[in-house]
Asker: 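Provided herewith is a single structure, encoded as structure tokens, for subsequent inquiry.
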Amino acid sequence: MKVEIRVQANAFDPLAELVPVHAAGPQVGGVVSFVGLMRDLNQGDRVHSMTLEHYPGMTEKALAAIVDEAGQRWALDMVRVVHRVGEVLPQDPIVLVAVASAHRGEAFRACEFIIDYLKTRAPFWKREQTRDGSSRWVEARDSDDAAAAGWSNGAEATPSGSAEPTASGEQT
Amino acid sequence: MIRVLYFASLRERLDCDAESLDAAPSTVAALRRELATRGAPWAEVFASDQRVLAAVNQTMAGDDQVLTDGDEIGFFPPVTGG
């Protein structure tokens, strides 16, 4: 399994990131990707921008462990994870998870597993700046914990606790 | 000596991003108790009803994880990436 993990302050182009995943090899039958975008609305407030903090060193280690676990559960040919840090603006891609596999089922499951685990295990924190000039830390959501917990019994199927957007939720 | 790092809202509430402690408490739980004895704002941040996650040497760690000299311990709120 080829693995590429990047944590970066620079913006990225999600479509360009997919090109090498599509070219992962002749045995690849499908690529599934997830792109998390910044929304301009959270908890009823217009959000002007967001700053992502992380724990350098641990972040890369945590992401590598999540991808490694996905590789043990499913037969994957390539996984690419890209995550922004620093300031992001509405509509900016924040995270990309792309998975190439021989079969779509494994690619779908692994992609959802990786983003569900990333949201509860990778040390990133969002601070949002609202239009009125104030700023606040984004609160963790129970629905994200539930989504990650749905995978913990080794289930191969999509977990029933899969995160759904809520009225008070932020993006992704 | 151990190195202790604080992130995100914890760093702001404690007004501290990192420090070194001469002696390593026996476990993560013991370190939490020691930090909580410092008075405000430490006592509130490390009160038992607060959800503060810990990592030892950059891997998520439970309260019973044993600490040894040279360890790096990170404390932070629940994560919100993705």
Side-chain angles (χ1 to χ4, degrees), chain A residues 7 34-38 42 50-66 81-85 88 93-97 111-112 114-128 135-145 147-148 163 169-172, chain B residues 1-21 24 27-29 31-32 35 40-42 44-82:
Chain A
V7 178
F34 171 82
V35 179
L37 305 171
M38 181 183 159
N42 188 25
M50 187 177 270
T51 306
L52 276 146
E53 177 178 334
H54 75 126
Y55 182 167
M58 180 178 172
T59 310
E60 294 80 359
K61 203 170 164 178
L63 293 175
I66 293 165
V81 178
V82 182
H83 203 297
R84 288 281 301 278
V85 291
V88 294
I94 295 176
V95 60
L96 168 118
V97 177
C111 186
E112 188 171 20
I114 291 168
I115 188 65
D116 282 352
Y117 267 33
L118 182 154
K119 289 186 80 80
T120 55
R121 297 186 178 196
F124 294 100
W125 302 276
K126 292 178 180 135
R127 188 179 181 95
E128 58 188 17
S135 74
R136 64 189 178 196
W137 291 99
V138 172
E139 296 281 331
R141 289 157 50 187
D142 291 341
S143 61
D144 289 333
D145 284 332
E170 95 284 14
Q171 80 302 323
T172 77
Chain B
M1 193 177 81
I2 58 171
R3 189 83 178 145
V4 189
L5 312 178
Y6 307 96
F7 292 92
S9 57
L10 258 67
R11 184 192 63 247
E12 291 187 351
R13 290 171 67 190
L14 299 170
D15 194 23
C16 178
D17 62 350
E19 63 179 322
S20 295
L21 300 181
T27 61
V28 170
L31 175 58
R32 287 178 190 265
L35 296 172
W42 299 81
E44 289 77 20
V45 166
F46 287 98
S48 54
D49 63 339
Q50 296 291 304
R51 202 163 163 227
V52 174
L53 305 181
V56 175
N57 298 327
Q58 306 186 347
T59 299
M60 290 281 196
D63 270 355
D64 55 355
Q65 170 117 10
V66 172
L67 300 180
T68 54
D69 195 48
D71 278 349
E72 174 182 299
I73 298 96
F75 285 114
F76 41 81
V79 302
T80 55

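Chain identifiers are assigned alphabetically (A, B, ...) following the order of the sequence lines, protein sequences preceding nucleic acid strands; residue numbering begins at 1 within each chain. As the structure is a prediction and not an experimental result, all values here were calculated from the model. Computed from heavy atoms alone, side chains included, the values below leave out hydrogens, waters and symmetry copies.
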Asker: Can you tell me how far the OG atom of B/Ser9 sits from the CD atom of A/Glu53, to the nearest 0.5 Å?
Answerer: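 Result: 9.0 Å between the selected atoms.
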Asker: Of all heavy-atom pairs between B/Gln58 and A/Pro56, which one has the smallest distance, and what is that distance?
Answerer: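 Answer, listing the atom of B/Gln58 first, then A/Pro56: NE2-O, 3.8 Å.
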Asker: Which region of A/Arg84, side chain (C-beta onward) or backbone (N, CA, C, O), has a non-hydrogen atom less than 4.5 Å from a non-hydrogen atom of chain B, or is it both or neither?
Answerer: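 Neither part; nothing is under 4.5 Å.
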Asker: For B/Met60 versus A/Arg121, what's the shortest heavy-atom pair and its separation?
Answerer: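 Distance-wise, the nearest heavy atoms are CE-O, 3.5 Å.
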Asker: Within a radius of less than 6.0 Å around CG of A/Asp142, do more than 12 heavy atoms belonging to other residues, nucleotides or ligands occur?
Answerer: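 For A/Asp142, atom CG is not crowded (no more than 12 foreign heavy atoms under 6.0 Å).
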Asker: Please give me the minimum heavy-atom distance between B/Val79 and A/Ala140, naming the atom from each residue.
Answerer: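 Looking at all heavy atoms of both residues, the closest pair is O-CB, 3.9 Å.
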Asker: Can you tell which part of B/Leu5 gets under 4.5 Å to a heavy atom of chain A, answering side chain, backbone, both or neither?
Answerer: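 Side chain only.
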Asker: If you apply the rule side-chain contact (heavy atoms from CB on, under 4.5 Å), what do you find for B/Thr80 with A/Phe124, and how did you get there?
Answerer: CA-CA 6 Å; B/Thr80 55; A/Phe124 294 100; 5.9 Å; no
Asker: Describe, in one word, how the ring planes of B/Phe76 and A/Tyr55 are oriented to each other, choosing from parallel (under 30°), tilted (30 to 60°) and perpendicular (over 60°).
Answerer: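 Answer is perpendicular, since the angle exceeds 60°.
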Asker: Does the side chain of A/Trp125 come within less than 4.5 Å of B/Pro77's, by heavy atoms?
Answerer: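 Side chain of B/Pro77 against side chain of A/Trp125, heavy atoms only: contact under 4.5 Å found.
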Asker: Please look at A/Ala62 and chain B and tell me whether the side chain, the backbone, both or neither of the residue comes under 4.5 angstrom of a heavy atom of that chain.
Answerer: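 Neither part; nothing is under 4.5 Å.
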